[in-house]
Amino acid sequence: DLYIGIDVLNNVAGFSFLGAGGELLHFKPFPCGDRESLTARQIAAVLLDKDSLPRFIERLQCSIGRLPRHLVIHRDGRSYDTELEGYQHVVRELQSNKLLTPDTKLGVVEIHKSNSESLRMYHMSGERVNNPLIGRYHIFDNQWGVVATTGYPALTQGTAAPLVARIKHGDLSMENVLQDIFNLSMLSWTKPDGIQSTPITIKILDDWLESIAADVD
């Protein structure tokens, strides 16, 4: 029902809100200091601001005709325990203010665009090694999985780099998590051969944070 993307670049945190199948999309920056992790207080300050997530949920309710019952956080890279503390506090506050249902499920998913193991996927055609078909995935266990959001036939040169997903928190299905990531990556396409590997929740953060928080040479 509701996705929130989070990333930090050069002292600025970016938050994306996505709902109603991509009909509603909002970006919010927040100066967070010289660190990669966010504190619980910072998470609460951004998400509980009346012009931030509460207003977005009101718009979402008008669009889908009900309050969201599932809230999934897409964290670009590592998710920290202080951040999880902040998410849980935000959910409790929104529930007390009747903006989330009492049984709202919270999930936190780390999305890694690179990994120390240099995981790759490939497709064998006879003795020829090709890029994987777009949408291929592999589940390692109930917490870790990998999905090819780029690959054959759209990627005509280079090697496809799959996204690695880790369920940090919540009772989520890894297959559903990978399916969501793949579906949301489709919303990042700007033309048939212009595929983007990241879901729109992360793509919008990469684009906007790069423009407002990039180092100036």
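Using a 4.0 Å cut-off between a side-chain N of Lys or Arg and a carboxylate O of Asp or Glu, Lys203 and Asp76 do not qualify as a salt bridge. Note on Arg66 versus Asp1: salt bridge recorded, some NZ/NE/NH1/NH2 to OD/OE distance being below 4.0 Å. Taking 4.0 Å as the cut-off between side-chain N and carboxylate O, Glu83 and Arg75 count as a salt-bridged pair.
Side-chain atoms of Tyr137 and Gln179 form no donor-acceptor pair, as typed in the model, at a separation below 3.5 Å.
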Practice problem: Output, in order, the C-alpha distance, side-chain angles, deciding distance and verdict of side chain to side chain contact (heavy atoms under 4.5 Å, CB included) for Val147 and Arg136. | Solution: CA-CA 6 Å; Val147 59; Arg136 284 292 174 89; over 6 Å; no

Self-check item: Stepwise side chain to side chain contact (heavy atoms under 4.5 Å, CB included) check, Lys113 with Asp206
Solution: CA-CA 12 Å; Lys113 292 174 284 190; Asp206 290 341; 3.1 Å; yes

Exercise. Please step through side chain to side chain contact (heavy atoms under 4.5 Å, CB included) for the pair Leu53 and Leu99, ending with a clear verdict.
Key: CA-CA 10 Å; Leu53 186 55; Leu99 288 174; over 6 Å; no

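Hydrophobic cluster membership differs between Leu9 and Ile6, with clusters built from Ile, Leu, Val, Met, Phe, Trp and Tyr side chains linked at under 4.5 angstrom.
For the atom pair Ile202 CD1 and Ser16 OG, the distance stands at 6.0 Å (nearest 0.5 Å). Residue Leu60 holds its CG atom at 9.5 Å from CG of Leu18, rounded to the nearest 0.5 Å.
Taking the six-membered ring for Trp, Tyr87 and His89 have ring centres at least 6.0 Å apart.
Proximity of Ser52 to Phe17: side-chain heavy atoms (C-beta onward) are separated by under 4.5 Å at one or more points.
Shortest non-hydrogen contact noted between Leu184 and Thr201 is CD1-CG2, 4.3 Å. Taking both residues in full, the closest heavy atoms of Ser37 and Gln42 are given as O-OE1, 4.4 Å, listed atom of the first, atom of the second, then distance.
More than 12 heavy atoms of other residues, nucleotides or ligands sit less than 6.0 Å from atom CG of Asp51.
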